[in-house]
Student: 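Have a look at this one.
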Amino acid sequence: MENNKTILVLNGPNLQLLGKREVGIYGVETLDDIAEKMRKRAAELWDGAELVFFQSCVEGELVKRIGDVVIERNFDGIIFNPGAYSHYSIALLDALKALGGKVPVIEVHLSNVHAREDFRKHLVTTQAATGVIAGFGSASYILALDALDELFKKKSNL
Ligand code: DQA
């Protein structure tokens, strides 16, 4: 059975600093460490897994990257940690909405944003996500792969 999956892993502002940034909250692992773990898990889940990583501190670059997926329709799923943009970016919300629900989007957060400052409890981009996983540190990203796998299985059974 063909089981190729191409997944876009998007990370927003300050996530390039993982491992150096507020390690008590975000942990000691770097984004590269997380990418490595994700590649291993993806290879377990799917025969031909391809993960494409993109990180930017610039809102417009993230908007553009999602827009490219809308145009090219070249990904089976998106895993997205919008960082602080999660709490206020209508531009990112609109970009995700432009996917029209055709590409599942799992929003991830390393920290449990609901157990932190009040301003982090308000999530804007999540409104266009298929689901959200928060509070499990780097494992949030691995759980997002598992969540995508569940969605793919559900879809193939329809
Ligand atoms: C974060 C949570 C956000 O509130 C914060 O601005 C981040 C990281 C997380 O992964 O826990 O940059 O998205």
Side-chain angles (χ1 to χ4, degrees), residues 5-45 49-70 75-101 103-152:
K5 296 291 173 216
T6 307
I7 312 296
L8 178 62
V9 185
L10 283 176
N11 280 286
N14 299 312
L15 292 162
Q16 83 283 14
L17 300 177
L18 284 182
K20 294 191 179 71
R21 168 198 189 201
E22 298 184 274
V23 294
I25 296 174
Y26 298 117
V28 295
E29 284 168 280
T30 66
L31 209 48
D32 282 348
D33 294 335
I34 294 173
E36 174 84 24
K37 280 189 177 175
M38 289 182 82
R39 283 204 177 91
K40 276 193 193 138
R41 182 67 185 136
E44 286 166 5
L45 290 171
E50 194 195 340
L51 299 189
V52 176
F53 292 86
F54 181 82
Q55 186 278 327
S56 178
C57 297
V58 180
E59 184 181 23
E61 287 183 1
L62 295 161
V63 169
K64 175 81 170 54
R65 193 68 195 83
I66 296 165
D68 288 347
V69 180
V70 174
F75 286 95
D76 297 295
I78 297 176
I79 294 173
F80 189 16
N81 184 346
Y85 289 140
S86 322
H87 310 296
Y88 65 94
S89 176
I90 293 167
L92 281 169
L93 172 65
D94 285 348
L96 294 171
K97 279 186 172 173
L99 292 166
V103 183
V105 177
I106 312 297
E107 181 168 316
V108 298
H109 297 282
L110 295 130
S111 63
N112 178 358
V113 285
H114 299 287
R116 298 182 64 193
E117 303 96 320
D118 280 347
F119 64 83
R120 289 187 209 275
K121 293 178 185 156
H122 180 63
L123 291 162
V124 170
T125 47
T126 314
Q127 293 167 39
T130 313
V132 56
I133 298 170
F136 298 96
S138 65
S140 291
Y141 289 82
I142 307 298
L143 292 167
L145 288 169
D146 289 334
L148 281 177
D149 189 47
E150 287 300 321
L151 291 171
F152 297 150

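All heavy atoms count here, side chains included; hydrogens, waters and symmetry mates do not. Position 1 is the first residue of the sequence, and the numbers go up from there. Atoms within each ligand, like the ligands themselves, are counted from 1 in listed order.
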Student: More than 12 heavy atoms of other residues, nucleotides or ligands under 6.0 Å from CD1 of Ile25: yes or no?
Tutor: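 Yes.
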Student: Is the number of heavy atoms from other residues, nucleotides or ligands within 6.0 Å of NZ (Lys121) greater than 12?
Tutor: yes
Student: Checking salt bridge (charged side-chain N to carboxylate O under 4.0 Å, His left out) between Glu29 and each of Lys37, Arg21, Lys20, which is the one that passes?
Tutor: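 For Glu29, the salt bridge (charged side-chain N to carboxylate O under 4.0 Å, His left out) check succeeds only for Lys37.
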Student: Indicate whether the side chain of Arg116 and that of Ser111 have a donor and an acceptor atom separated by less than 3.5 Å.
Tutor: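 A donor-acceptor contact under 3.5 Å links the two side chains.
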Student: Report the relative orientation of the aromatic rings in His87 and His109; use parallel for angles under 30°, tilted for 30 to 60°, perpendicular for over 60°.
Tutor: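 Correct class here is parallel.
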Student: Decide whether Asn11 and Tyr141 meet the rule of one side-chain donor and one side-chain acceptor closer than 3.5 Å.
Tutor: yes
Student: Dump all N/O pairs between ligand 1 and the protein below 3.5 Å as a table: atom names plus distance, one pair per row.
Tutor:
from, atom 1, to, atom 2, distance (Å)
ligand 1, 4 (O), His87, NE2, 2.7
ligand 1, 4 (O), Arg120, NH1, 2.8
ligand 1, 6 (O), Ala84, N, 3.2
ligand 1, 6 (O), Arg120, NH1, 3.1
ligand 1, 10 (O), Asn81, ND2, 2.9
ligand 1, 10 (O), Leu110, N, 2.8
ligand 1, 11 (O), Leu110, N, 3.3
ligand 1, 11 (O), Ser111, N, 2.9
ligand 1, 11 (O), Ser111, OG, 2.6
ligand 1, 12 (O), Arg21, NH1, 3.2
ligand 1, 12 (O), Arg21, NH2, 3.0
ligand 1, 13 (O), Asn81, OD1, 2.8
ligand 1, 13 (O), His109, ND1, 2.8

